[in-house]
Number of protein chains: 2
Amino acid sequence: MSFFTPTQRIRRAYARIAEVDRPEVWISLRAEAEVLAEAAGIEERLSAGERLPLAGLVAAVKDNIDVAGLPTTAGSASYRYDPMADATAVERLRAAGAIVIGKTNLDQFATGLVGTRSPYGAVRNAWDPTRISGGSSSGSAVAVALGIVDLALGTDTAGSGRVPAALNGIIGIKPTRGLIPATGVVPACRTLDCVTVFARDLGLGSTTARLLAGDDGLDPLARSAAEVVASAAGSRLSATPRVAIPTAEHLDGMAAGWREAFGDAVARLASTGVEIVEVNIAPLLEAAALLYEGAFVAERFAAVGEHIEQNRDLIGTDLDPSVAAIVLGGAHKTAVELFRDRERLDTLGSRARALLTGTDALLTPTTTWHPTLAELVEDPIGGNSRMGRFTNFANLLDMSALAIPAGAVDGRPFGVMLTAPAFHDLALRELAERFAAPTVELVVVG
Amino acid sequence: MSFFTPTQRIRRAYARIAEVDRPEVWISLRAEAEVLAEAAGIEERLSAGERLPLAGLVAAVKDNIDVAGLPTTAGSASYRYDPMADATAVERLRAAGAIVIGKTNLDQFATGLVGTRSPYGAVRNAWDPTRISGGSSSGSAVAVALGIVDLALGTDTAGSGRVPAALNGIIGIKPTRGLIPATGVVPACRTLDCVTVFARDLGLGSTTARLLAGDDGLDPLARSAAEVVASAAGSRLSATPRVAIPTAEHLDGMAAGWREAFGDAVARLASTGVEIVEVNIAPLLEAAALLYEGAFVAERFAAVGEHIEQNRDLIGTDLDPSVAAIVLGGAHKTAVELFRDRERLDTLGSRARALLTGTDALLTPTTTWHPTLAELVEDPIGGNSRMGRFTNFANLLDMSALAIPAGAVDGRPFGVMLTAPAFHDLALRELAERFAAPTVELVVVG
């Protein structure tokens, strides 16, 4: 892949940072000189004959993932700590030769799908700075889309690694939960969180996700090697793939032109020999609603609730009011409510499996609209809710997902998403390759 | 196995019921004439050449498992309902030719390990009627031990299918959770409950458990066929088995003579070529404590809490005071506490896996003492707690277990238990066969 040396890549990255003038993308950025020294080190290792699959590729890391030497804030200065070690995903990224240049902005505590819920500033969309970037992995997605970095790490609990991919016209890979260990990640919902990968190129994104995967012996929720091997066997793409799409009623209420764009994407996939079947995704949408409307939100309180409670005076300054309201709302849910929600979710999970039996994946739009920054200020909670229709259920139901660019509407990216049960990651990648999205060129960088 | 015709077996069962005079074993018992008609039907099917692997074997079913035609009480007359259909496990038992003669007493709502927590009477031990039967599957275990039935179904959330097996000198099989669907079972802790099998003979018990296993498409927590196949591959017994036993400190505080009896059992297993290794089971015991001392108890409230709340006036009559106190204690746990307990459990689960890596199973005593009925009246909660030291953790940590008779101490049965990760059911059975417990004959039937 490397037509440039690591040193040249770093120089280009910093030049690009200056050029695009998007300071809100970064919460911390390493000094160029220090990063150039690291690039020189990579060049020496390459000269010595070392094989580094991501040699010299420039990477950004969402600021809820630890990078030794840089603070972790999770989008809150009051929460900041200085990690002693890289997160497992970062350690593996670096071991493969990638160079991390900084930590990116996010919806605080990874709670949001908009990219505006941060005291470090709302992250503007790569294509249209009057619009939202999507979140919560806002800075990571925009850094990739603007061509500053080759790769970025995000996280995804309800769509945070997919929605900003769609709105910025890049690939967002949300692997099966636990394939990439979450060691060194600030939890949002600990049992649901996934580390994700953003890239402009599907091949590079997939390679990277594979390099980051594997039990690290530290994250109790990491999938064991035995489980991965056992489960992967039955999860290859069918010889004649069948892909489910939602029935018309669940494609209602999207942004102007998106339904047609989705129709075009479906037609493009069908033209490669994929059979398309309509399914009623009501059970998936009902499961999605449990994530914020039920007792599951208490897991966010378990993660960062005490910090917010102890710093109530910072709500409106360092602590985002929408995030604080959501997290504090989890404090008083009862364990009985949670067990009942879990039971409902188990039933919906059964129905979802039945629904998708005989198909290789579900194809949907990734999100439903692309609001302006002003629209989000007007309705910060409601506007956010509209973003997660097709993403919220995946982690709750232990599914893997892949967000793919699928052209543009009104000069802004439109994205689709493939979702399938756990361990179907490779099948999704194979389907995405067939998908053959038209090349989209970033022309608006303002 | 059948040296008697189905009709002869049924006649013998009812004769035995009259002979042993243990009315507290049963909550409902079918009329002999009706059961004899069913036996005649089985004989006709056999004459017609049908293959019925359990043809004419006599079975009892714990009264928290539905049997069409008999009420389900879960040990509470006020909770009683009349099921329209057999539970999946019962349907399969009957399809294999077994004949269900009645529903057995239990610790109410399957909450207890003693067999005394029932308005239908404390179930007396098969060997010593001044002592407890163990529970919660008290009547099922005693019906098997007394030779009334060949087989009985129980359930197990914290040891209910193992403790009474040990105290009555029989086999108790607690398969991997979800192998036998829980459709038609009154939940105790819905996500932890297992249907279990009691038998005097390991071969018959194992065959029955296998006949009952398999996804029924109705229980969302049933393991899928794909998962079973994928997971079973790596879970056979090693050529040179290694079995872990607890270090000395965790064998403290047992009944007189039990530590020596356990030592004998270990020696017997070692003599078959099994390598014995000591492990510190502290993480397992800490996990066990979470089941009653933490927020998990809220799952019991989710199951039957509203019934108890609406019938508080029956506490002390139809509702057992200990059970009511435990279940009502779950009402006010918060979802945040539950998520924190879950996190702790995940960490302990990791440690447990590490602890048992390289071994085929953990061998322990099944329980720690065998109190008299009077001792339980004195200390109903504390006395119960002592029963579950080695059983409470298995379901929480997704393990399979098998309780095996291992001789007698002071004329009463002593039992040991093999426990291993999910899907190691067959390996446990193979180990149990090597174990070769001496034959114990029931001489006290009073």
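Chain identifiers are assigned alphabetically (A, B, ...) following the order of the sequence lines, protein sequences preceding nucleic acid strands; residue numbering begins at 1 within each chain. What's counted below: heavy atoms across the whole structure, side chains too, no hydrogens, waters or symmetry copies.
- Here CG of B/Leu218 is found 11.0 Å from OG1 of A/Thr347. Values are rounded to the nearest 0.5 Å.
- Proximity to chain A is limited to the side chain of B/Arg353, based on heavy atoms less than 4.5 angstrom apart.
- If you measure heavy-atom distances from B/Thr334 to chain A, the contacts under 4.5 Å come from both the backbone and the side chain.
- Residues A/Ala302 and B/Phe339 share a closest heavy-atom pair of CB-CB, 4.1 Å.
- For A/Ala298 against B/Ala335, the heavy-atom pair with the smallest separation is CB-CB, 3.4 Å.
- Put simply, of B/Ala303, B/Pro220, B/Gly330, the one with the most heavy-atom pairs under 4.5 Å next to chain A is B/Pro220.
- Only the backbone of B/Ala331 comes within less than 4.5 Å of a heavy atom in chain A; its side chain stays farther off.
- Residue contact with chain B, scored on non-hydrogen atoms closer than 4.5 Å, involves the backbone and the side chain of A/Glu299 alike.
- Of all the listed residues (A/Arg340, A/Lys333, A/Arg190), the one sharing the greatest number of non-hydrogen pairs under 4.5 Å with chain B is A/Arg190.
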